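Right, one structure below, let's go through it.
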There are 2 protein chains.
Amino acid sequence: MNPPTIKDVAKASGVSVATVSRVLHNLSGYSDKTKQKVLKAVEELGYQPNAIARGLINKRTQTIGVLVPDVSSSFSSEILHGVEETANDKGFSVIVCNTAKDGERTMKYLQVLGEKQVDGVIFTSGFLEEEYYKVLKQMRVPVVLVNTQSHKHSIPYVKVDDRQAAYHATEYLIRKGHRDIAMISGTSWDTMAGIPRLEGYRQALEDNGLEFMESRVAYGNFGLDKGREAMEKLLQDAPPFTALFAASDEMAIGAMGVALERGLKVPEDISIVGYDDLIFSRMVYPPLTTIHQPLTMMGRTASEMLIDLIEGAEQVSSSIVNHNLIERQTVRQMP
Amino acid sequence: MNPPTIKDVAKASGVSVATVSRVLHNLSGYSDKTKQKVLKAVEELGYQPNAIARGLINKRTQTIGVLVPDVSSSFSSEILHGVEETANDKGFSVIVCNTAKDGERTMKYLQVLGEKQVDGVIFTSGFLEEEYYKVLKQMRVPVVLVNTQSHKHSIPYVKVDDRQAAYHATEYLIRKGHRDIAMISGTSWDTMAGIPRLEGYRQALEDNGLEFMESRVAYGNFGLDKGREAMEKLLQDAPPFTALFAASDEMAIGAMGVALERGLKVPEDISIVGYDDLIFSRMVYPPLTTIHQPLTMMGRTASEMLIDLIEGAEQVSSSIVNHNLIERQTVRQMP
DNA sequence: CATATAGAAGTAAACGTTTACTCTATTGTG
DNA sequence: CACAATAGAGTAAACGTTTACTTCTATATG
């Protein structure tokens, strides 16, 4: 009554389990007649190999773990989508781990992934704490980072150059004739996505002879609500500005919402450029001009790199992927 | 230098593997002194149990599989989020499977999940084809459906009553004084989410003495772009209307976009209610009035049901979860 | 014809656990 | 003091595969 095992197949076809295994793996060492018998038995019994037993012996589970801060966010789920897609194409399954940006949860997940003997792990969008690194190292499996990087350890990563992308966004606004440009930055102590974007903005301003004013930047946490708050603060306290660069689309959209509520028109009264190009950024009205991060593609790339590593590659090189600016309808050409 | 096994621990602490296993499981049959020795060895070696070996013997992998049509969609990923959350709380890992609404892929995933010996599977948002049912049955593991249901087979599910929710949305528009209400429906042959919503709309109209007009309904596929097309068609061909009910938020937002582009104001010129309450529906401007489906909670519930079943519950009852209408700013009270 | 060789197949160990069963020494009971 | 009960611990089988090694037979080679 239990699911049939290889032994049942062997019995049913009158050969040894070794032979069954061989035909199932297309190895040599059996006659064509035997092969037919075995295949017939497999068919009749509805035999399916047990990947657990297989994993035990060849120390490979064909499974990878992916840690994301928030599966339900568009950002994480687009990356996950890419990862899953190519993993699947290459015969790997993926276990999702929603860390909720919580260190304890992350540690617990790492633990579980270790016990479950995953063949590799992808860590996305967050600082790779030393404590994570330690357990990852104990697991003796390849790791790749997405949308983050480790300065201390040499771990392959795939991300865009945040500083440069922010520079690009700001410069675009300048080229469009704006001279008073505010910014809603991400978390101020975020060394991955916060600081570099702010730096890029500042640099672009300075390179174009514009003054960087601390009073024109407000800080959020990349989320919508903080974006709204930041915009309110800017509108109230900052010197007047005609354009805004937000370090995430969510914040940009939040900011756009408050502008609209106050009767300011976008882009007539205020131009906005976001960062991320989330799926729904083209859905809002007016559609958001933003820095496109090819999240799905980044997920795919990371997956490929990881699997190469799993399959024996000595090393793979990190990938700085190209961002690009998607012009939609939230930026106006100044007269 | 391979990772340490239970044997290494046994050797290091001078006891048998059975004893080690016992202390690790808090069973009885050893002295306190032995326990200390074992724990010390575990600590020193950095021993981690191998869940694969464990799974082989107790035929339990503490892993479930979740099939979603599109991980990167807000809809799927919110459900996934809920599923993952409670699965994790209860000690289960989740393998994500992105079916891309493709039958072949789905079958392949089911196959893999079977081989990987998952303890249960959650199937979301799509018709449960007979062929899927067959392999699921062969797997001899519990299944729960989310956002769909099977009329042919008795499989527990969690979903909202689509017909009733659509009725509710339409009636709301009527109560707000609208008499000319158009609809953008989902796929016309979708028996799960397409037909029931259309039926609810029609019923609400009729119950309120309003005429149902085929010419006032256009069909999309739940996605943004088809929503836009449908809206364009409606604006051009349908008898004039003051309100619109869309069978998905994406379509509602697409429709809102074309309205805005054409200079129609929302809600002044046209009122819109959507369906789903995706995370970003409150982000768009104006924020969308819509039917809230508690997706994350539905995921959680499904996960709980599945795990109860895995842990021996004879049966669990399906859950029709409450929808509710979230009033935001896209509906106007008619004079 | 004797022998090497290749093909077809089987045997059994190994992977890392869990657990039923066994054994021994100690304690408790009358 | 004889015996049962119990605590502490070990032995080994089992889970379902894969694979190195062995065995047997038939054919090819000289």
Side-chain angles (χ1 to χ4, degrees), chain A residues 1-39 41-42 45-63 112 114-119 138-140, chain B residues 1-39 41-42 45-63 112 114-119 138-140:
Chain A
M1 263 297 64
N2 282 323
T5 73
I6 198 173
K7 282 186 196 166
D8 300 314
V9 176
K11 200 162 298 174
S13 47
V15 302
S16 72
V17 295
T19 300
V20 175
S21 179
R22 281 188 286 251
V23 349
L24 259 22
H25 286 277
N26 265 314
L27 301 177
S28 60
Y30 49 85
S31 66
D32 202 60
K33 210 178 73 191
T34 313
K35 178 173 178 178
Q36 298 315 323
K37 277 191 303 186
V38 170
L39 261 20
V42 164
L45 296 175
Y47 168 75
Q48 275 198 324
N50 179 325
I52 296 298
R54 193 175 267 173
L56 184 58
I57 192 136
N58 30 249
K59 292 155 174 303
R60 263 292 207 83
T61 52
Q62 301 294 118
T63 302
V112 172
E115 295 187 0
K116 295 230 163 120
Q117 315 290 123
V118 295
D119 298 331
Q138 282 217 155
M139 285 169 61
R140 307 151 206 255
Chain B
M1 266 304 69
N2 283 323
T5 71
I6 198 172
K7 283 186 195 165
D8 300 314
V9 176
K11 201 162 297 174
S13 45
V15 302
S16 72
V17 295
T19 300
V20 175
S21 178
R22 282 188 287 251
V23 349
L24 259 21
H25 286 275
N26 266 313
L27 300 179
S28 61
Y30 48 86
S31 66
D32 203 59
K33 210 178 73 189
T34 311
K35 178 174 178 178
Q36 300 312 326
K37 277 192 302 187
V38 170
L39 260 21
V42 164
L45 296 175
Y47 167 75
Q48 276 197 324
N50 180 326
I52 296 298
R54 193 174 268 174
L56 184 57
I57 191 135
N58 31 249
K59 293 155 173 304
R60 264 290 208 87
T61 53
Q62 301 294 118
T63 302
V112 172
E115 295 187 1
K116 295 228 162 121
Q117 316 289 125
V118 295
D119 298 331
Q138 281 217 156
M139 285 168 62
R140 304 152 209 253

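What you see below is based on every heavy atom in this structure, not just the backbone, and it leaves out hydrogens, waters and symmetry mates. Computed from a prediction, not measured in an experiment: that's the story for all the values here. Just so it is clear: chains get the letters A, B, ... in the order the sequence lines come, proteins before strands, and each one is counted from 1.
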Tell me the closest heavy-atom pair linking [X] and [Y], and the distance in Å.
{"X": "B:Val38", "Y": "B:Val23", "result": "CG1-CG2, 3.6 Å"}
{"X": "A:Leu24", "Y": "A:Tyr47", "result": "CD2-CE2, 3.7 Å"}
{"X": "B:Leu56", "Y": "A:Ala53", "result": "CD1-CB, 3.7 Å"}
{"X": "A:Pro4", "Y": "A:Leu45", "result": "CG-O, 3.4 Å"}
{"X": "B:Tyr30", "Y": "B:Thr34", "result": "CB-CB, 4.3 Å"}

Calculate, to the nearest 0.5 Å, the distance between atoms [atom1] and [atom2] belonging to [X] and [Y] respectively.
{"X": "A:Thr5", "Y": "A:Lys11", "atom1": "OG1", "atom2": "NZ", "value": "8.0 Å"}
{"X": "A:Ser31", "Y": "A:Gln36", "atom1": "OG", "atom2": "CD", "value": "9.0 Å"}
{"X": "B:Lys116", "Y": "A:Thr63", "atom1": "NZ", "atom2": "OG1", "value": "3.5 Å"}
{"X": "B:Arg54", "Y": "B:Asn50", "atom1": "CZ", "atom2": "CG", "value": "9.0 Å"}

**Message:** Using a 4.0 Å cut-off to any heavy atom of chain A, which nucleotides of DNA chain D are the first and last in contact, reading 5' to 3'?
**Reply:** D:dG16 to D:dT19
**Message:** Just to be sure I understand the geometry, which residues of residues 9-37 of chain B put a non-hydrogen atom under 4.0 Å away from DNA chain C?
**Reply:** B:Ala18, B:Ser21, B:His25
**Fill in**
Hits for side-chain hydrogen bond (donor to acceptor under 3.5 Å, both in side chains) against A:Gln117, two or more places apart or cross-chain, chain-then-number order -> none
**Asked** Sequence neighbours excluded, which residues qualify as side-chain hydrogen bond (donor to acceptor under 3.5 Å, both in side chains) partners of B:Asp119?
**Response** B:Thr61
**Prompt:** Are the side chain of B:Arg22 and the backbone of B:Val20 linked by a donor-acceptor contact shorter than 3.5 Å?
**Reply:** no
**Item:** Angle between terminal axes - the helix from C:dC1-D:dG30 to C:dG30-D:dC1, 5 pairs each end, rounded to 10°
**Value:** 50°
**Item:** Contact list for DNA chain D against residues 45-59 of chain B - heavy-atom distance below 4.0 Å
**Value:** B:Leu56, B:Ile57, B:Lys59
